Amino acid sequence: MQSPSAAPLLTIVVPTFNETQNLAELARRLEQVLAGVTWELIFVDDDSPDGTAAEARRLAQQDGRIRCLQRIGRRGLSSACIEGLLASSAPFLAVMDADLQHDETLLAPMLMALRSEPLDIVVGSRYMDGGSVGDWDGGRQQISRLATRISRLVVPATLTDPMSGFFMLRADTFHAHVRQLSALGFKILIDLFASSPVPLRFKELPYTFRNRVAGESKLDHQVAWDYGLLLLDKLVGHVVPARFISFALIGGLGVFVHLLVLSLLFHGFHLEFGFSQAAAAGVAMLGNFSVNNLLTYRDRRLRGAEWVKGLLSFVLVCAVGAVANVGIASYIFSSQGTWLIAALAGILVGAVWNYAVSSVYTWGRKPRPVSIASAPSA
């Protein structure tokens, strides 16, 4: 009978997207720096088109300490980290990137600190004495510093690098707070600190951020929006969902687009008002759907045929919302005679309807299967 292998003391969770060229090298480096430690490596891949998941499975067939968790139909660095951490049974959990920019030699000191000191989490810091951002240009450094300052709204001022994606924590700490996590955006460390009802006991260790070796950066033009949603959720999410705020802001932009198109067609091209109004409403709905699909529901983004079906669903939802808007506004106006209050009430009811129903029927797809692969224990 095959004897069971030793349970891992440490799980390293690595979210991936188009990182095929880096996986084997990362595994090799972990083997070197974690000698004497029972560890496992979980790659959480968001269905990379470059075959990252297949490469992770190939490595898993060679090394039983490696696993692949492939998510289909979902995107998001924070949510990927959470799913990977939940898949572990180890008492200590680490998160790092696959791009080899994080210094893997810091893992052993992190583990030693957690095992010997009364700490909840150890963070790799680029900004404390001895740390560095490496070869970042001035613009990227300024953006990082600004994001760090803004994060002070929800994290301790003594944490020098709240934007770090390289940290290790106790599993019981993670499990105690996982249900409070927002899972929005790409900065799970901020989410962890902001979600804890009591201050986390933390320590920072300095490291130098390296240049990317290969693969694709997870940072794009939408991360600022994701970051803002995360902060909003931590600040007011217990009162108003951050997604609703995003939905409402985009809806306000849609009103501007509607008026702009209406003015252009009616006054500029002297088209009939009814046609101009209908065209403006159509353009505004298309714009609202597209931007919400891109930003508000980025982690559930619709593509291809699903995009077309989603648009039709969204238009139907908004049509019903418009009827509710007019009906409520008309009723309040006939009762109180105050047009502004009536109009605002109608807008609020329509917005809540559109958000609630489209969240379920337009972007509320059932989760796609998650594929988990690992090699048999030796």
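Residue numbers run from 1 in the order of the sequence given. If you're wondering where the values come from, they're calculated on a predicted model, not measured in any experiment.
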request  = Take F17 and L77 through the side-chain contact (heavy atoms from CB on, under 4.5 Å) test and state the conclusion after the steps.
outcome  = CA-CA 9 Å; F17 188 76; L77 195 147; over 6 Å; no

inquiry  = Test side chain to side chain donor-acceptor pair (under 3.5 Å) on Y297 and S359; report intermediate values, then the result.
reply    = CA-CA 9 Å; Y297 296 98; S359 291; 2.5 Å; yes

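The aromatic rings of F289 and F314 sit tilted relative to each other, their planes meeting at an angle between 30° and 60°. A parallel orientation is assigned to the rings of H102 and F166, their planes being inclined by less than 30° (bins at 30° and 60°).
Between I250 and V291, the closest heavy-atom pair is CD1-CG1, 3.6 Å. Shown here for R210 and L100, the closest heavy-atom pair between the two residues is CD-O, 3.2 Å. Nearest heavy-atom pair across G76 and R71 is O-NH2, 3.0 Å. S78 approaches K187 most closely through the heavy-atom pair OG-N, 3.4 Å.
D129 CG: 12 or fewer foreign heavy atoms inside a 6.0 Å radius. Enclosure of atom CZ in R115 is not indicated, since only 12 or fewer non-hydrogen atoms of other residues, nucleotides or ligands lie within 6.0 angstrom. Other residues, nucleotides and ligands contribute over 12 non-hydrogen atoms within 6.0 Å of the CH2 atom of W39.
Separation of the F167 and F202 ring centroids does not fall under the 6.0 Å cut-off.
Under a 4.0 Å N-O distance rule, the pair E31/R65 qualifies as a salt bridge. A salt bridge is defined here as a Lys NZ or Arg NE, NH1 or NH2 lying under 4.0 Å from an Asp or Glu carboxylate O, and R170 with D120 fails to meet this definition. E306 and R300 are not joined by a salt bridge, as no carboxylate oxygen comes within less than 4.0 angstrom of a charged side-chain nitrogen.
In this structure, the separation between CD1 on I190 and CE on M163 is 5.0 Å, given to the nearest 0.5 Å. Separating the CG atom in L59 from the CZ atom in R57 is a distance of 12.0 Å, to the nearest 0.5 Å. To the nearest 0.5 Å, the span separating CZ on F92 from OG1 on T173 amounts to 9.5 Å. M96 contributes atom CE, which lies 5.0 Å from atom CG of L107 (distance to the nearest 0.5 angstrom). With values rounded to the nearest 0.5 angstrom, T16 atom OG1 is found 10.0 Å from D47 atom CG. Note that the CD1 atom of I188 and the OG atom of S164 stand 12.0 Å from one another [nearest 0.5 Å].
The side chain to side chain contact (heavy atoms under 4.5 Å, CB included) test with D45 singles out one residue from I72, T52, D50, T20, and that residue is T52.
Between Y361 and L316, the closest side-chain pair of non-hydrogen atoms is not below 4.5 Å.
If you check the side chains of T160 and S125, you find a donor sitting under 3.5 Å from an acceptor. S358 and N354 share no side-chain donor-acceptor pair at under 3.5 Å. A donor-acceptor contact under 3.5 angstrom links the side chains of S313 and T362, judged on distance only.
Y355 meets the ring-ring contact (aromatic ring centres under 6.0 Å, His included) test with F244, F247; sequence neighbours excluded.
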